[in-house]
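Just so you know, these numbers use all the heavy atoms, side chains as well, and skip hydrogens, waters and symmetry mates. It should be emphasised that the depicted structure is a prediction, and the values quoted were computed from it without experimental measurement. Chain A is the first sequence line, chain B the second, and so forth, proteins listed ahead of strands; every chain is numbered from 1.
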Amino acid sequence: MKHKIEDLIRQAIHILVENDTLDASMAPDIQVTRTKDASHGDFASNIALTLAKAAGRPPRDLAQAICDALPDDAELDKTEIAGPGFINFFVSADISQNVIKMILAQGEDFGRSSIGAGKKIQLEFVSANPTGPLHVGHGRGAAYGASVASLMRAAGFDVDCEYYVNDAGRQMNILAVSIWIRYLQEHDIDIPFPSNGYKSDAYIFDIARKLKQDHDGAFVFKTEEVMHDIHPDEPAEDGDKELHIDGLIERAQNLLGEAAYLIIFNAGLDSILADIRDDLEDFGVHYENWYSEKSLGQRDLINTAVEQLQAAGHIYEHKGALWFKSTDFGDEKDRVVIRDNGQATYFASDIAYHMDKFQRGYERVINIWGADHHGYVPRVKAAIRALGEDENKLDILLVQFAILYRGGERVQMSTRSGSFVTLRELREEVGNDAARFFYVMRKCEQHMDFDLDLAKSQSNDNPVYYIQYAHARVCSVLNQLKEKNLQHDIEKGNSHLAQLTESHETELITKLATYPDVLEKAAINAEPHSLVHYLRELANLFHTYYNAHQFIVEDDAIRDARLNLIRATRQVIHNGLSLLGVSSPESM
RNA sequence: GCGCCCGUAGCUCAGUUGGAUAGAGUGUUGGCCUCCGAAGCCAAAGGUCGGUGGUUCAAAUCCACUCGGGCGCGCCA
């Protein structure tokens with residue numbers, strides 16, 4: 001309809017050009033938008049306002065001229081000139097009502113489109129270090145990423161979701177050592193726990209006990225063997241937690257040997273990663289790929305990437321390390337890729353990882369990162385350009401933190417201190433539906449206050465229930481119908497849609513008709529929150545209608561038509577909620 | 001110090017490729033169940049869109065400056 005109106009305006013302007021009212025050199029940018037206010041009709045155009053100056057005529061005059069030149073169209077009831085010179089278009093009622101038939105016929109497919117044209121998109125999100133369970137901060141990225149993936153699929157994109165598993169690097173070694181020391185303590189070996197280790201985390205004890213169960217004393221060493229010549233830990237005089245833990249990592253690797261160390265390392269990695277997978281799966285967040293950081297090294301991709309940068313002349317040596325000259329590509333300073341000890345940095349892995357993403361043939365790569373990584377964006381973009389790839393294919397979306405409050409106080413979250421609130425705890429407390437919904441209620445770049453007490457104690461007031469209630473109410477009405485031994489004849493309803501003339505009905509119908517537009521925009525802009533707001537408004541119109549009118553009435557024709565309308569409403573609510581990973585219960 | 005994000009009703013937030021009288025929720029106040037679910041509906045009240053200047057037919061939206069709040073600036077990951 002929108003495109004049709006644009007076309008009509010184009011024809012009108014063409015006529016005005018021919019009779020010299022307008023100059024042909026003006027290339028009008030025809031904008032037709034849906035109106036916010038029903039009194040302004042269904043669609044509006046500002047064309048007269050934008051052309052007025054160039055045409056040297058008052059906007060309202062020009063609007064009148066355009067209206068006069070508009071070809072007649074059966075689908076339009078009337079046009080009006082309003083305000084400073086807007087042209088408002090009123091779509092005829094039977095055309096609007098057609099959307100009900102369409103919704104009922106298309107069912108779950110209503111709103112889906114093919115604008116994505118099957119383009120291959122990669123969406124990477126969460127990618128939290130497998131050093132502990134996901135916490136509430138990760139939940140926002142998970143809910144947001146999964147919703148964006150659903151939206152984009154509904155818009156016809158071919159989306160792969162990926163989790164980048166940071167299974168290499170120092171943090172993982174600290175994890176392995178933490179497990180080993182708990183394991184030694186389980187064997188009554190007296191060793192102080194490093195202050196920089198994963199100290200008070202229950203899962204470390206669990207993994208250590210499992211290790212004891214499976215391997216008994218295979219990895220036991222005496223206190224003296226483990227601790228001699230290790231740099232003192234932090235609380236002590238001259239203590240340094242970093243040197244201390246690094247010493248322990250090296251000692252573990254030397255004493256245990258590669259094979260045994262790997263067993264402990266993997267015991268931690270596998271256990272924690274399995275937990276993360278389960279957690280996400282239970283949260284309705286599904287991944288096509290779990291991509292291992294370690295595999296980059298095993299496939300020599302890191303060296304390949306560095307060599308490629310070197311060959312292109314973007315690498316130099318300084319103080320024994322290899323640096324990427326990222327300042328040539330807009331970064332604020334150059335970055336080390338190979339340390340003076342010969343080890344690659346995390347950034348080097350990431351360059352290789354992104355190189356591989358591009359080589360896997362995605363037309364667009366989207367990274368969803370926590371906002372604390374924003375400083376990292378320029379260097380990754382720099383690397384991509386330096387590798388000769390198109391940086392515009394990479395979008396990095398930054399999700400701001402969800403700040404938790406409990407008892408009016410900010411909850412400190414840190415995997416290291418062990419005082420975090422896990423995603424699993426949150427899900428159990430407020431439920432998956434409320435959690436998924438709450439996380440995407442706000443646009444991602446907005447800081448979010450997440451009041452745990454409120455989410456828990458007043459979960460009945462959650463907007464998600466308001467929307468679900470509208471869905472359940474429709475189901476309830478249809479049940480009532482059965483109890484009264486009445487049938488709902490959808491065909492008959494479709495043929496009597498013209499009976500839906502109440503203002504509550506036309507408003508609801510108009511709202512239903514905008515669903516595909518909302519979906520398309522939400523998908524393209526990666527903004528699930530706009531769908532949330534739409535669903536709330538839709539539910540509100542339904543509840544209002546429900547209170548104002550009786551659906552199960554004597555008159556068959558009106559009854560069937562109204563039931564078609566509320567059935568269509570239920571369908572759209574269901575479609576929208578399922579894209580957000582929220583259930584649509586039939587009763588509550 | 002430099003960079004990124006945010007500032008809209010008492011509170012939490014929509015609205016920003018410039019459009020008509022700036023909108024919701026929540027809270028406050030007052031109404032609505034002999035009637036399909038009151039987890040609902042209706043009404044009232046609540047605003048210098050942080051501030052100043054600029055751009056134009058039109059600015060919450062764009063530009064400059066400025067004031068607040070958050071975050072980031074490792075040969076950590």
Side-chain angles (χ1 to χ4, degrees), chain A residues 29 31 33 35-37 39-40 44-46 48-50 52-53 58-59 82-86 88 127-129 131 166 168-172 174 242 293 318-323 332-333 335-350 370-378 398-401 403 441-451 454 458-470 472-481 483-484 525 529-530 532-534 536-537 539-540 542-553 559 562-563 566 587-588:
Chain A
D29 173 27
Q31 295 175 37
T33 52
T35 54
K36 286 186 221 162
D37 187 332
S39 69
H40 296 146
S45 180
N46 61 354
L49 290 164
T50 57
K53 199 171 188 184
F86 292 101
N88 294 334
S127 299
N129 283 354
T131 52
N166 298 128
R170 185 161 172 266
Q171 289 307 322
M172 287 307 293
I174 293 175
E242 306 293 347
E293 180 190 355
H318 178 64
K319 289 188 188 169
L322 290 185
W323 297 68
E332 59 185 9
K333 56 204 269 194
R335 310 290 174 177
V336 171
V337 284
I338 306 291
R339 288 191 270 259
D340 56 7
N341 64 8
Q343 283 185 336
T345 58
Y346 176 80
F347 179 46
S349 301
D350 229 11
D372 54 333
H373 287 74
H374 68 254
Y376 201 72
V377 174
L398 299 171
V399 178
Q400 293 290 336
F401 282 137
I403 302 163
M441 262 172 63
R442 309 207 176 126
K443 58 183 175 200
C444 69
E445 64 264 33
Q446 179 69 256
H447 299 265
M448 183 163 82
D449 289 346
F450 204 128
D451 188 330
L454 194 74
Q458 301 192 1
S459 59
N460 281 354
D461 293 334
N462 279 341
V464 64
Y465 289 98
Y466 181 84
I467 296 166
Q468 288 178 321
Y469 181 44
R473 255 187 164 173
V474 176
C475 297
S476 175
V477 170
L478 295 173
N479 286 335
Q480 280 291 321
L481 194 69
E483 284 178 22
K484 293 183 178 173
N525 297 331
H529 77 276
S530 57
V532 169
H533 287 277
Y534 169 84
R536 222 236 155 244
E537 288 158 13
N540 175 246
F542 169 76
H543 286 308
T544 300
Y545 179 36
Y546 180 95
N547 274 273
H549 298 283
Q550 197 76 12
F551 306 144
I552 302 176
V553 291
R559 187 177 67 232
R562 288 185 173 173
L563 292 175
I566 66 167
S587 67
M588 301 170 63

**Q** Report yes if at least one side-chain N or O of A:Asn46 is closer than 4.0 Å to OP1 or OP2 of B:rG18; otherwise report no.
**A**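 Negative; the distance criterion is not met.
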**Q** Closer than 4.0 Å, any side-chain N/O of A:His529 to the OP1 or OP2 of B:rG15?
**A**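 So the side chain of A:His529 is within the cut-off, an N or O lying under 4.0 Å from OP1 or OP2 of B:rG15.
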**Q** Can a side chain N or O of A:Arg473 be found less than 4.0 Å away from OP1 or OP2 on B:rA38?
**A**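 Checking A:Arg473 against B:rA38: at least one side-chain N or O falls below 4.0 Å of OP1 or OP2.
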**Q** With the stacking rule set at 5.5 Å and 30°, tell me whether A:His40 counts as stacking on B:rA20.
**A**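 Given the distance and angle limits, yes, they stack.
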**Q** State, with a plain yes or no, whether a side-chain heavy atom of A:Lys484 is found less than 4.5 Å away from one of A:Ile552.
**A**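 They are in side-chain contact.
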**Q** So, is A:Thr345 near the phosphate of B:rA77, with a side-chain N or O under 4.0 Å from OP1 or OP2?
**A**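 No, because none of the side-chain N or O atoms of A:Thr345 sits under 4.0 Å from OP1 or OP2 of B:rA77.
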**Q** Verify the stacking flag for A:Tyr469 against B:rG40: centroid separation must be under 5.5 angstrom and the ring planes must differ by under 30 degrees.
**A**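 Per 5.5 Å and 30° rule: no stacking.
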**Q** At less than 4.0 Å, is any side-chain N or O atom of A:Gln480 found next to OP1 or OP2 of B:rC35? Yes or no.
**A**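 No.
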**Q** If the C1' atom of B:rA59 is compared with that of B:rA64, how far apart are they to the nearest Å?
**A**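 Result for the C1' pair: 15 Å, nearest Å.
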**Q** Compare all side-chain heavy atoms of A:Asn46 with those of A:Thr33 and state whether any distance is below 4.5 angstrom.
**A**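 A:Asn46 vs A:Thr33: side chains apart.
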**Q** Taking atom P in both B:rA58 and B:rA20, compute the distance separating them and give it to the nearest angstrom.
**A**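 Each nucleotide's P atom is 14 Å from the other's.
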**Q** Can you tell me if A:Arg442 touches the phosphate of B:rC13, counting only side-chain N or O atoms and a distance under 4.0 Å to OP1 or OP2?
**A**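 Looking at the OP1 and OP2 atoms of B:rC13, one of them is under 4.0 Å from a side-chain N or O of A:Arg442.
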**Q** If I pick the P atom on B:rU16 and the same atom on B:rU61, what distance separates them, to the nearest angstrom?
**A**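 Looking at atom P only, B:rU61 and B:rU16 are 13 Å apart.
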**Q** Quick one: are A:Glu242 and A:Arg170 in side-chain contact, heavy atoms under 4.5 Å?
**A**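 In contact.
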**Q** Please measure how far the C1' atom in B:rU28 lies from the corresponding atom in B:rC6, and state the result in whole Å.
**A**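 28 Å, rounded to whole Å.
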**Q** For the atom pair CZ (A:Arg562) and OH (A:Tyr545), what is the distance rounded to the nearest 0.5 Å?
**A**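 If we round to the nearest 0.5 Å, A:Arg562:CZ and A:Tyr545:OH are 4.5 Å apart.
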**Q** Measure the distance from CG on A:Leu563 to P on B:rC36 and round it to the nearest whole Å.
**A**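 Taking atom P of B:rC36 as the reference, CG of A:Leu563 is at 15 Å.
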**Q** Given side chains that start at C-beta, do those of A:Arg473 and A:Tyr546 come closer than 4.5 Å, heavy atoms only?
**A**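 Yes - at least one pair of side-chain heavy atoms lies under 4.5 Å apart.
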**Q** Using the P atom as the point on both nucleotides, what is the distance between B:rG25 and B:rA43, in whole Å?
**A**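 Pairwise P distance, B:rA43 against B:rG25, rounds to 11 Å.
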**Q** Consider the side chain of A:Gln550, meaning its heavy atoms from C-beta on, and name the nucleotide among B:rC36, B:rC75, B:rG37 that approaches it most closely.
**A**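 Nearest nucleotide to the side chain: B:rC36.
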**Q** With side chains defined as the heavy atoms from C-beta onward, is the minimum distance between A:Val474 and A:Phe542 less than 4.5 Å?
**A**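 Side chain of A:Val474 against side chain of A:Phe542, heavy atoms only: contact under 4.5 Å found.
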**Q** Does A:Arg339 put a side-chain nitrogen or oxygen below 4.0 Å from OP1 or OP2 of B:rG74?
**A**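 No, A:Arg339 has no side-chain N/O under 4.0 Å of OP1/OP2 on B:rG74.
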**Q** Here's a test of your reading of the structure: between A:Arg170 and A:Gln400, which maps to the more 5' nucleotide of RNA chain B?
**A**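 In this pair, the answer is A:Gln400.
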**Q** In terms of base orientation, is B:rC33 syn or anti, with the syn window spanning 90° either side of 0?
**A**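 Syn conformation for B:rC33.
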**Q** Please give the distance between the C1' atoms of B:rU48 and B:rA22 as a whole number of Å.
**A**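 Going atom to atom, C1' in each nucleotide, I get 13 Å.
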**Q** Rounding to an integer number of angstrom, what distance separates B:rG7 and B:rC13 when you compare their C1' atoms?
**A**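 Pairwise C1' distance, B:rG7 against B:rC13, rounds to 12 Å.
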**Q** OP1 or OP2 of B:rC32 sitting under 4.0 Å from any side-chain N/O of A:Tyr546?
**A**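 No, A:Tyr546 has no side-chain N/O under 4.0 Å of OP1/OP2 on B:rC32.
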**Q** Need to verify one output field. Residue with the more 5' nearest nucleotide on RNA chain B, A:Asn341 or A:Lys484?
**A**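 Result: A:Lys484.
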**Q** For A:Glu445, what residues pass the salt bridge (Lys or Arg N to Asp or Glu O under 4.0 Å) criterion, not counting sequence neighbours?
**A**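 Once residues adjacent in sequence are excluded, A:Glu445 has no partner under the salt bridge (Lys or Arg N to Asp or Glu O under 4.0 Å) criterion.
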**Q** Using Watson-Crick or G-U wobble pairs with both distances under 3.5 Å, give me RNA chain B in dot-bracket, 5' to 3', with [ ] for crossers and | for pairs to another strand.
**A** (((((((..((((.....[...)))).(((((.......))))).....(((((..]....))))))))))))....
**Q** CZ of A:Arg335 versus P of B:rC76: gap in Å, rounded?
**A**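 That distance rounds to 13 Å.
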**Q** Starting at atom CZ of A:Phe551, determine the distance to atom P of B:rG40, rounded to an integer number of angstrom.
**A**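 A:Phe551 atom CZ is separated from B:rG40 atom P by 16 Å.
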